Amino acid sequence: MLDLRRIRSEPDAVAAALARRGDDRSSIDEVLRVDAERRAKAGQRDDLRARVNAISKEVGAMFRDGRKDEAAALQAESKAAGEREKALDTEVAALDEQRRDRLLRIGNLPSADAPDGGSEADNVVLRTEGFDADGYGPHQRVPHWDIGAELGFLDPEAASRISGAMFSMYRGHGARLLRAMVQLSLDRNGDAYEEIRPPTLVRTDTMISTGHLPKFADEAYHMERDDLWAIPTAEVPLTSLGRDQVFDEAVLPLRFMAYTSCYRREAGSAGRDTRGVLRSHEFDKVELLAYAAGAEQAIACQEDVLARSESILSDLGLAYRIVDLCAGDLGNSAARTWDIEAYAPGCDMWLEVSSVSWFSDYQARRANIRYRPSGGGSPEVIHTVNGSAMGWPRTWAAVVETHRQPDGTIAVPKVLQPYMGGLEVIGPR
RNA sequence: GGAGGGAUGGCAGAGCGGACGAAUGCGACGGUCUUGAAAACCGUUGGGCCUCACGGUCCCGCGGGUUCGAAUCCCGCUCCCUCCGCCA
């Protein structure tokens, strides 16, 4: 959610920033119109209340002094004022709701550092690591779904029998490999990030805080009976961990990580990336998240998350690249996002395995997470940063394809071997 | 699922129709004293909205009602706790 005061004081600058993400300024003008009306009405209401309060005080004094009879006229005036006040208050409440609803649907302002552009095509590749287009042998040009069938560690038929299309099932060493990768990234980041195992079914408020509602309700699974939502990412519970809290600046940045399943309806993507594990309604992810005091600290956190994700990919022996998302391709809540794409030689695709974003104070304002500045003064809204330490299925696919050997077996990367009971090679079952 | 209890400031906890944004204690901050510290003493110490400001207004879990006036009375809801039952 944007800062309303900023919209009021510099509407043109805000509109210009939103234009970079392709949003027109009508939403801003709408908010301002509702806001102006609300303020006018609220002012009138407050004046009436002030009158009622003053009268009550006087009446109270009269009662104490035994001048009850003098109070009648004042009581009548107060009653009338109270009725007008109530009517105005109803109007103000309605305007409040309208204002908030409009505000919640306006996206975040892109950082000035985010490149210009309207679509994916305008994203900027910042750098590419470990990639040699000609360095892959024919044995690595086998897509992971074929490898999965070959070695028996993927069972898409069983998955769809149980849950339908776009669910995956890992078996045997395939499942264990996935678990090893989860463990690896949790262990890697435990030095600075507190491990959290949050609930994965959350309330509506919690989904609103991160910006997943109200705008993207179609993307999420909703359990109507209990009015709970299945989280699309651990970012959701981790952000709301600090909801309505005020932290001392000295404890920031606070860093959390969580391993959870993530649930996405993927409405509208039926038929896209249907092979293998590239797109699934349910997948595992380890998420890193930080609460920061202000932009500078937040950007340092964002760089830290990026560096940590990168180091895991390179230790897994994968080629990857860092993509700076252009303003038009940014997620609704993000100010700046770096995607990490791992190269999967078998399907010959750059797979988005992590998305490291700085949300400025957009999410924290919705979640009402603040910090008290060390120098004194009123609480300020914190900044949030998060990124996948790794989105596992896609990384898994890249690992399996990259490390397929000429004999069809998979060489287990050294860093994962301790988590696989020392296993060095995965062969057929 | 059944029965009961509770929700007040950073925390603990009083208040149960008017002078209450709220006693008191703890904590935190500032000062006096001290070579320094502790102790003691004095003082300060929540947040939102409107306003250049003065000031106004709102917030005692949330929403409604009664009243000139509600933290306090009434109704509904949510959450938490305890006990019983059932259960991974």
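The shown structure was predicted, so the numbers you read here are calculated from the model rather than taken from an experiment. First the proteins, then the strands, lettered A, B, ... as listed; each starts at 1.
For the residue pair A:T210/A:E235, the side-chain donor-acceptor check at 3.5 Å is not satisfied. There is a side-chain donor-acceptor pair under 3.5 Å between A:E310 and A:Y320. Side-chain atoms of A:Q98 and A:E30 include no donor-acceptor pair closer than 3.5 Å. Between the side chains of A:K285 and A:T233, at least one donor N or O sits under 3.5 Å from an acceptor N or O.
Residue-to-nucleotide proximity on RNA chain B shows that, of A:G43 and A:A50, the 5′-proximal contact is made by A:G43. Nucleotides of RNA chain B nearest to A:R45 and A:R99 differ in position, and the one nearer the 5' end is that of A:R99.
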Donor-acceptor pairs are to be reported for all side-chain atoms of residues 414-422 of chain A against protein atoms at under 3.5 Å, with residues two or more places apart or in another chain.
{"from": "A:Q417", "atom 1": "NE2", "to": "A:V412", "atom 2": "O", "distance (Å)": "2.9"}
{"from": "A:Y419", "atom 1": "OH", "to": "A:D187", "atom 2": "OD2", "distance (Å)": "2.6"}

Let me check something: any side-chain donor-acceptor pairs from residues 161-176 of chain A under 3.5 Å, sequence neighbours excluded? List them with distances.
{"from": "A:S168", "atom 1": "OG", "to": "A:S280", "atom 2": "OG", "distance (Å)": "3.0"}
{"from": "A:R171", "atom 1": "NH1", "to": "A:D155", "atom 2": "OD2", "distance (Å)": "2.6"}

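Distance CG (A:D248) to P (B:rC29): 11 Å, rounded to an integer number of Å. Between the CG atom of A:D244 and the P atom of B:rG48 there is a distance of 13 Å, given to the nearest Å. Nucleotide B:rG48 holds its C1' atom 13 Å from the CZ atom of A:R49, rounded to whole Å. Summarising the geometry, the separation between CG on A:D96 and C1' on B:rC50 is reported as 13 Å, rounded to the nearest angstrom. The distance between atom CD of A:E37 and atom P of B:rC50, rounded to the nearest whole Å, is 16 Å. Atoms CG (A:D226) and C1' (B:rG1) sit 15 Å apart, rounded to a whole Å. Rounded to a whole Å, the CG atom of A:L4 is 11 Å from the P atom of B:rU51. For the pair A:D3 CG and B:rG48 C1', the computed distance is 13 Å after rounding to whole Å.
Applying the side-chain hydrogen bond (donor to acceptor under 3.5 Å, both in side chains) test to every pair with at least one member in residues 326-335 of chain A, sequence neighbours left out, gives these pairs: A:N123-A:D329, A:K215-A:N332, A:N332-A:Y362. Within the structure, every pair that satisfies the side-chain hydrogen bond (donor to acceptor under 3.5 Å, both in side chains) test and touches residues 51-63 of chain A, not counting sequence neighbours, is listed here: A:R51-A:E77.
Base pairing annotation: B:rC83 forms a Watson-Crick or G-U wobble pair with B:rG2, both donor-acceptor distances under 3.5 Å. With a cut-off of 3.5 Å on both pairing distances, B:rA71 has no Watson-Crick or G-U wobble partner at all. With a cut-off of 3.5 Å on both pairing distances, B:rG17 has no Watson-Crick or G-U wobble partner at all. With both pairing distances under 3.5 Å, B:rU32 is matched to B:rA40 as a Watson-Crick or G-U wobble pair. Using Watson-Crick or G-U wobble geometry with both donor-acceptor distances under 3.5 Å, B:rC60 finds no partner in any strand shown. The partner of B:rG27 is B:rU45, judged by Watson-Crick or G-U wobble contacts that both fall below 3.5 Å.
The phosphate of B:rU51 (OP1 or OP2) has a side-chain N or O of A:R39 nearer than 4.0 angstrom.
Around the CZ atom of A:R100, the shell of radius 6.0 Å holds no more than 12 heavy atoms that belong to other residues, nucleotides or ligands.
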Between protein and nucleic acid, restricted to nucleotides 75-80 of chain B and to nitrogen or oxygen atoms under 3.5 Å apart, what atom pairs and distances do you find?
none

Could I get a table of every N or O pair under 3.5 Å where one atom is in the protein and the other is in nucleotides 44-47 of chain B?
{"from": "B:rG47", "atom 1": "OP1", "to": "A:R372", "atom 2": "NH1", "distance (Å)": "3.4"}
{"from": "B:rG47", "atom 1": "O3'", "to": "A:R370", "atom 2": "NH1", "distance (Å)": "3.4"}

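Taking atom C1' in both B:rC29 and B:rU82, one finds a spacing of 39 Å when rounded to whole Å. B:rA70 sits 10 Å from B:rC16 when the C1' atoms are compared, rounded to a whole Å. For B:rC49 and B:rU32, the P atoms lie 37 Å apart once the distance is rounded to whole Å.
Note: A:H383 and A:W358 have parallel aromatic rings, judged against thresholds of 30 and 60 degrees for the angle between ring planes.
Annotation: ring-ring contact (aromatic ring centres under 6.0 Å, His included) contacts of A:Y263 (sequence neighbours excluded): none. Every residue meeting the ring-ring contact (aromatic ring centres under 6.0 Å, His included) condition with A:W229, not counting sequence neighbours, appears here in chain and number order: A:H222. In this view, A:F283 satisfies the ring-ring contact (aromatic ring centres under 6.0 Å, His included) rule with no residue, not counting sequence neighbours. With sequence neighbours left out, A:Y259 forms a ring-ring contact (aromatic ring centres under 6.0 Å, His included) with no residue at all.
Contacts between residues 27-35 of chain A and RNA chain B, defined by a heavy-atom separation under 4.0 Å, are absent.
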Treat primed atoms plus P, OP1 and OP2 as sugar-phosphate and everything else as base, then score nucleotides 59-70 of chain B 5' to 3': B for base contact with protein heavy atoms under 4.0 Å, S for sugar-phosphate contact only, - for none. -------S-BS-
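Each of A:R264, A:E282, A:R265, A:H281 was evaluated against A:Y221; a single residue qualifies, A:H281, per the side-chain hydrogen bond (donor to acceptor under 3.5 Å, both in side chains) test.
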